[in-house]
There are 2 protein chains.
Amino acid sequence: MTVSITDVARAAGVSASTVSRALRGRPGVSDPVRAQIEAVAAELGYTASQSASSLASGRTRTIGVIVPYVGRWFFGTVVDASERVFSAAGYDVLLYNLGSPETRKRFFTRLPVRKRVDALLSLLIPDEEEAAALRSLDIPLAVIVGGARDGFSVVGIDDHAGATSAVRHLVNLGHRRIGMLSGASEPLHWTTPIERRQAYLDVLADAGLPYDPALEADGGYSVEGGERAMTELLAGRSRPTAVFAQSDEMAMGALRALRRHRLKVPDDVSVIGFDDHELAEVIGLTTIAQPVAGQGEEAARLLLRQLDEPGAAPPRQVQMPIHLVLRETTAPPDPRHRSP
Amino acid sequence: MTVSITDVARAAGVSASTVSRALRGRPGVSDPVRAQIEAVAAELGYTASQSASSLASGRTRTIGVIVPYVGRWFFGTVVDASERVFSAAGYDVLLYNLGSPETRKRFFTRLPVRKRVDALLSLLIPDEEEAAALRSLDIPLAVIVGGARDGFSVVGIDDHAGATSAVRHLVNLGHRRIGMLSGASEPLHWTTPIERRQAYLDVLADAGLPYDPALEADGGYSVEGGERAMTELLAGRSRPTAVFAQSDEMAMGALRALRRHRLKVPDDVSVIGFDDHELAEVIGLTTIAQPVAGQGEEAARLLLRQLDEPGAAPPRQVQMPIHLVLRETTAPPDPRHRSP
DNA sequence: AATATGAACGCAAACGCTTGCGCAGGGGAG
DNA sequence: CTCCCCTGCGCAAGCGTTTGCGTTCATATT
């Protein structure tokens, strides 16, 4: 039926062990024999059975990637980038699309990845319970969004610094009523919304501006949520002259809401986002750029290093650079609107 | 070290075979024994080794998904949707991100999925050589974008019909100089750009409008490409009053180019896209909507059915509905621009 | 009461690979 | 010339499941 290692061995006139060593580049087989085995294997179209191989060796040459929604731009881009690094290193990628709390729960209690992957990359930090489950697997772990966890390599950005420069940009332009479209930390336990929000509060305090709860609304990090949240702010008694959206998606929703209200951007309201979404440039959105694909690649490299030097390489933390990208959605407040 | 089936067997006072049957719901084990085994297994935190299991059974409970770029909205959304269907059915998903021709070549000659997956879902049709390689795996196959192939289930849309209604919409509005942003079929061998282009030609002919090569430009289905292509059209001697972009991404690029040229949409130029990208609504783009997640789910279901009824269920073809979504980027041509 | 029947379970042989170990044989050092 | 070591290769024992078949025992059948 399907060609096995013994078929190759027989055809090449050697033992199965020699075929195994030859094909995997192990020492202990002479060059001519190796060449001949490779030729025979190619001719027969032989591919080692992954199951048998990993059963015998204990290694799976597979990496698990856990992500809440591959469909979302940020996560999709990260998965894309990390997959390329993994596959270039000869690893396959098992994708676990874990959005809802129920799916996550089931995954982390049953742990179907046990004995199935050599390492795990989690986009979005798992909560402490989930993290403990993963640690029990005793394999290299890395996390990309949402903060540090014991036993995990982590790559990310300085959310506080990013949000600080975003809000400060608005302050520097002269805005004094600055709104924020935020997101909840629950149920996914990430620190991003917390830190970005804290930065907003800190900058306001620094600038001597009062914090007005009516200027903050939850947009759930999505386009529709951003639109709803912006609409809320516009309905309030004291409209903001500028808005900091914690994500570009929310910023886009906000732009839509503003257009619906026939408000000009940036003349009537300035908008700044966060992430530098691939379409931010198309829309002309001012935002804080972070290397998205870069984080995926970096995390993948960290994991590969840990796999290469077992025990030796400890989990590491990497912080990627961010920067303000000025486009067309921010400007000084219109003097006509300015409060006295 | 790691708990195996014999550990469970010993702890439960039964044989390994009984444990195996009990945990997989096979007949031949009494209810009380089954319950006890389940309890012991849960307590010990036992998970069957996927490698051992598939080595012994020949089934991997894994499905391969081949995609050119998970990072792109369309593909990411499809992968997302199909993964949910697969994992709900107890299958894991191996992701192969095959963008460049070299990566594809390597993949299809070495076929690392051999003996590794029970079925394959390919986004973007493989060329005939690639298709032949996959057929040699002798497992259920499905393809989502780009046309039919022997031995594959295929789900898709009627590209010709969709493009027809798009272009006809422009014609009905009164446009007579209609441009097109297209894409090459190579090197990915998909039929989409061909059919959408043919529809454009057909509608023009139907409406008695001449085909002007200067009104067509290649945008490579990307935002930047669309911007370049639109810029080309604007540089031509006879500018179009409306443009059909074969994808929303290109349409977005076109919008950007038009804004750069200080042209109003839809007053000066109408733009219609194709796909109904998640941000099309934000931008107000008129477009042809197709069920993207729906196609992923449907293809997944087709594969699962083939897996459930081995031999019985033949590959099937499914065509998903499409419809014109009117938004704000199309309007009748400005009379001042109209040719006599 | 003897036999047939079937359910519940154990035995053991795969599944296809990896790897420690042993064994030749050849070449260099003494 | 002998001894030793090193290289190149084969042997065989796993790795942890699944599954066909055989055994046991209780129940139904005559």
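The model shown is predicted, which means the values in this text are computed figures rather than measured ones. Here is how names work: the chains are called A, B, and so on, in the same order as the sequence lines, proteins then strands, and each is numbered from 1.
Comparing B:Ser57 and A:Arg24 against DNA chain C, the residue whose closest nucleotide sits nearer the 5' end is B:Ser57.
Looking at A:Asp118 and A:Thr60, their side chains do bring a donor and an acceptor atom within 3.5 Å of each other.
Under the 4.0 Å criterion applied to side-chain N and carboxylate O atoms, A:Arg305 and A:Glu309 are not assigned as salt-bridge partners. Taking a cutoff of 4.0 Å between a charged side-chain nitrogen and a carboxylate oxygen, A:Lys105 and A:Glu102 do not qualify as a salt bridge.
Here the CG atom belonging to B:Leu304 is positioned 12.0 Å from the CD atom belonging to B:Glu297, to the nearest 0.5 angstrom. Rounded to the nearest 0.5 Å, atoms OG (A:Ser53) and CZ (A:Arg59) are 8.0 Å apart.
Applying the 4.0 Å criterion to OP1 and OP2 of D:dC15, one finds that A:Lys115 has every side-chain N and O outside that range. B:Ser20 has a side-chain polar atom (N or O) that falls below the 4.0 Å cut-off from OP1 or OP2 of D:dT18.
Atom C1' of nucleotide D:dT18 and atom CZ of B:Arg59 are separated by 9 Å, given to the nearest angstrom. Between the P atom of D:dT17 and the CZ atom of B:Arg26 lies a distance of 16 Å, rounded to the nearest Å. Going from atom CZ of B:Arg10 over to atom C1' of C:dG10 covers 16 Å, rounded to whole Å. We find that CG of A:Leu55 is positioned 12 Å from P of C:dC17, with the value rounded to whole Å. Counting to the nearest Å, the C1' atom of C:dG16 and the CZ atom of B:Arg116 are 15 Å from each other.
Remark: A:Arg72 is positioned above the aromatic ring of A:Tyr69, its terminal NZ or CZ atom under 6.0 angstrom from the ring centre and at most 45 degrees off the axis.
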**Asked** With the sugar-phosphate defined as primed atoms, P, OP1 and OP2, and the base as all remaining atoms, what B/S/- string results for nucleotides 4-14 of chain D, 5' to 3', for protein heavy atoms under 4.0 Å?
**Response** ----SBBBB-B

